[in-house]
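Heavy-atom basis, side chains included; hydrogens, waters and symmetry copies ignored. In listed order, ligands and their atoms are each counted from 1.
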Amino acid sequence: MRQTQMFIPTQREVPSSAESLSHRLMLRSGMIKQLAAGIYTYLPITKLVLNNIEQIVREEMNAIGGAEVLMPVLHPKELWEESGRWDKYGSELMRMSDRHDREFALGPTHEEVIVSLVRDELKSYKKLPLTLYQIQTKFRDELRPRFGLLRGREFIMKDAYSFHVDEESLRKTYQDMYQAYSNIFTRVGLDFRAVEADSGAIGGSHTHEFMALSEIGEDTIAYTENSDYAANIEKAECLRPTEFSIEEKRDIEKIETPDVASCQALADLLEIDLKETTKTMVVKVDGELVMIVLRGDHELNDIKVKKYFEASNDVEFAEEAEILEVFNAHPGSLGPVNSPVKVYIDYQVEAMRNYPVGANEDGYHFKNVNESDYTVEGTGDFRFITEGEMAADGSGPVKFREGIEVGQVFELGTTYSEKMGLTVLDKNGRATPVLMGCYGIGISRTLSAIIEKYHDDNGIMWPKSVTPFDIHVISMNVKKDDIVEVADSLYTDLEKSYKVLYDDRDERAGVKFADSDLIGIPVRVVVGRGAAEGILEVKFRNSDEKHEVKLDELQSFIEENYNA
Ligand SMILES: O=C(C[C@@H]1CCCCN1)Cn1cnc2cc(Cl)c(F)cc2c1=O
Ligand SMILES: [Mg+2]
Ligand SMILES: [Mg+2]
């Protein structure tokens, strides 16, 4: 491709609003143009890279028997009412009406559409298993779109859906997908971990998220060095306590605690460690106030609370007004003794003795409290795991790393089949709901994750597997015939076996090299002074070394050394 015909609006400066490195680099290297918040035009370089990523995804999906479809963006409201999700999702679900005033959702995902597609066709178990997939634009009206393509409101997803007559068949496809995802993320060059994850609102039980390791990642992974244990910390289970306090139980005692509204202040007043205090949280579980008592140095994990109570809505902290109304005390003075709401305690509290809790009266606490001093509805794992404590598999201490969620695989079960009447006759002729799996990859997010990993201060460094072009031929002077002649014929020759971008612009050398570093093509061939003697300069984007190569040895030199 001649650069005079391309559209690569590189920029020297970028707006400070671009916080993530990949977002800044995509703006500087002329890869995207924002149309509105979280909404972008993919410019030619980006489109070429997306094509390459999608091609790898298609190869791996087809290799495990996936058939590609392309479903509509506009979903009739009635479909989302059948699944009960029209009202379940708030303003994140983008909605519109057509000219006949019929309402539609702009598809954020396609469970409803794919089930409505197959339920009229799949009548017998003999037609199963079936795996369909698409690569398509999704719409999710994020409250705070940011980091360029990492969290947009329109984005490209590969979403696949599989249909099964039994668990064994679903498990087989889940494992095939898991392996296909590992192949995909390996081929595009990401450092990734598949982590146990929370299945969230979508339901189902078994799910893994594929996390590209990156400091910019919004997710935190708990993993161990000496096993392949890895979990999103939303999910990472905490082991039951092994050391129990053996202190003699002391008598409960009400104490004045003026101006104590935090665990640390309480610890300081009582001259004990934070670990010897407790914190009392009041949360709303599907509208009902519930109290959860944790050790003072631990944090409540709302995802685990939601899972424990099998709540259909997200669990939120109770507002201060509600707390005052029910407890006649402020949030810093609450406790389980004579609590007006049900009390649940984290497993770690079971191992404690003689601890302080709020007295449900401002300015007062109880000290020397033990479990026998209050009514416990239940105990559970309600906290975030802390770095360094033993992993759920007992293999060693967990470490934390940030990750970008680039894919997720779910065993969905029969959630949608039951709601939307997708059944097949099994081999005994009995109607049975079809088991489903669903599997997503953020294609545009994967592109950003690749840039987050492959760059230096001067720009992007594309891995060979996804690069928009293999070779960047740069003519140093478009006015000197001998240079133009060599460059033109070199471009024509190399095009036969490589993807070539030919910088034939009438620009200064400095501009050409700066742009070439920004755009990040792995191999650079400079046609300059030595051209007349048939000498070219070759430089690889991931090295500073410059090589003088004879024109007739160029192709073999590139073949031997091009392995970005
Ligand atoms: O999308 C999934 C599950 C899988 C992921 C892989 C591909 C198939 N779907 C979960 N999810 C996430 N955000 C959503 C946002 C909106 Cl506004 C919505 F209405 C629905 C969903 C929603 O269902
Ligand atoms: Mg997540
Ligand atoms: Mg997820």
Side-chain angles (χ1 to χ4, degrees), residues 38 57 61 66 69 71 73-75 77 79-96 103-115 117 131-143 145 150-163 173-174 177-178 180-181 193-212 217-222 231-236 301-303 306-307 312 314 402-413 415-416 419 436-443 445-446:
V57 169
M61 287 297 110
V69 297
M71 289 180 264
V73 157
L74 294 174
H75 302 180
K77 172 181 180 179
L79 261 189
W80 282 70
E81 287 180 316
E82 271 192 66
S83 67
R85 293 212 290 179
W86 180 264
D87 298 321
K88 188 176 160 88
Y89 280 88
S91 40
E92 190 188 357
L93 180 61
M94 298 186 92
R95 304 157 205 249
M96 58 161 287
E103 289 182 88
F104 290 81
L106 291 174
T109 181
H110 281 67
E111 282 80 8
E112 285 79 2
V113 175
I114 198 85
V115 169
L117 173 77
T131 299
L132 301 175
Y133 75 92
Q134 66 169 351
I135 298 179
Q136 209 242 41
T137 298
K138 293 278 187 288
F139 299 86
R140 294 180 185 178
D141 201 353
E142 295 283 347
L143 185 61
L150 277 177
R151 184 169 286 280
R153 291 196 289 168
E154 265 191 51
F155 56 94
I156 299 173
M157 184 197 277
K158 182 284 300 176
D159 42 326
Y161 304 85
S162 65
F163 304 92
T173 298
Y174 187 93
M177 280 283 176
Y178 188 105
Y181 277 40
R193 281 285 186 102
V195 306
E196 292 172 31
D198 176 71
S199 49
I202 193 82
S205 55
H206 202 209
T207 175
H208 283 84
E209 284 169 336
F210 283 75
M211 296 286 185
E218 293 179 352
D219 285 295
T220 302
I221 304 160
N232 188 316
I233 58 161
E234 291 170 350
K235 156 103 184 185
N301 179 330
D302 60 307
I303 308 280
K306 183 176 179 185
K307 191 60 86 185
S312 50
D314 288 353
E402 271 62 55
I404 301 168
E405 179 190 338
V406 286
Q408 184 155 8
V409 291
F410 292 81
E411 281 191 4
L412 256 189
T415 312
Y416 290 87
K419 282 181 186 165
M436 285 177 67
C438 64
Y439 319 88
I441 288 183
I443 300 287
R445 185 179 273 187
T446 295

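Panel note: side chain R445, backbone L150; a donor-acceptor pair is recorded below 3.5 Å. Without hydrogens or angle criteria, E112 side chain to E82 main chain gives no donor-acceptor distance under 3.5 Å. Judged by distance alone, the side chain of Y89 and the main-chain N or O of M94 form no donor-acceptor pair under 3.5 Å. With hydrogens and angles disregarded, a donor-acceptor distance shorter than 3.5 Å links the side chain of N301 to the backbone of I233. Between the side chain of T207 and the main chain of V409, a donor-acceptor pair closer than 3.5 Å is present.
Side-chain contact check for S199 and K307: at least one donor-acceptor pair (N or O, by modelled atom type) lies under 3.5 Å.
Of the candidates R95, E209, E111, it is E111 that places a heavy atom closest to atom 9 (N) of ligand 1. Taking each of R85, K158, R140 in turn, the one with a heavy atom nearest to atom 23 (O) of ligand 1 proves to be R85.
Each of the atoms 6 (C), 7 (C) of ligand 1 lies under 4.0 Å from some heavy atom of G440. Atoms of ligand 1 found under 4.0 Å from any heavy atom of L93 (numbered from 1 in listed order, with element): 17 (Cl), 19 (F). Interface of W80 with ligand 1, defined as ligand atoms under 4.0 Å from a residue heavy atom, comprises 19 (F). Listed by atom number, the atoms of ligand 1 under 4.0 Å from D159 heavy atoms are 7 (C).
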Determine, stepwise, if the pair F139 / T137 fulfils side chain to side chain contact (heavy atoms under 4.5 Å, CB included). CA-CA 7 Å; F139 299 86; T137 298; 3.9 Å; yes
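Contacts between T109 and ligand 1, counted as non-hydrogen atom pairs separated by less than 4.0 Å, involve the side chain only. At a heavy-atom cutoff of 4.0 Å, ligand 1 is contacted by both the backbone and the side chain of E92. Only side-chain heavy atoms of F410 come within less than 4.0 Å of ligand 1; its backbone N, CA, C and O stay farther off.
Legend: residues meeting side-chain contact (heavy atoms from CB on, under 4.5 Å) with D159, ordered by chain and number and at least two apart, are H110, Q134, K138, M157, Y161.
Of all N, O or S atoms in E209, the one lying closest to the Mg ion (ligand 3) is OE2.
At least one N, O or S atom of Q408 sits under 2.8 Å from the Mg ion (ligand 3).
Under a 4.0 angstrom heavy-atom cut-off, Y161 registers as being in contact with ligand 1.
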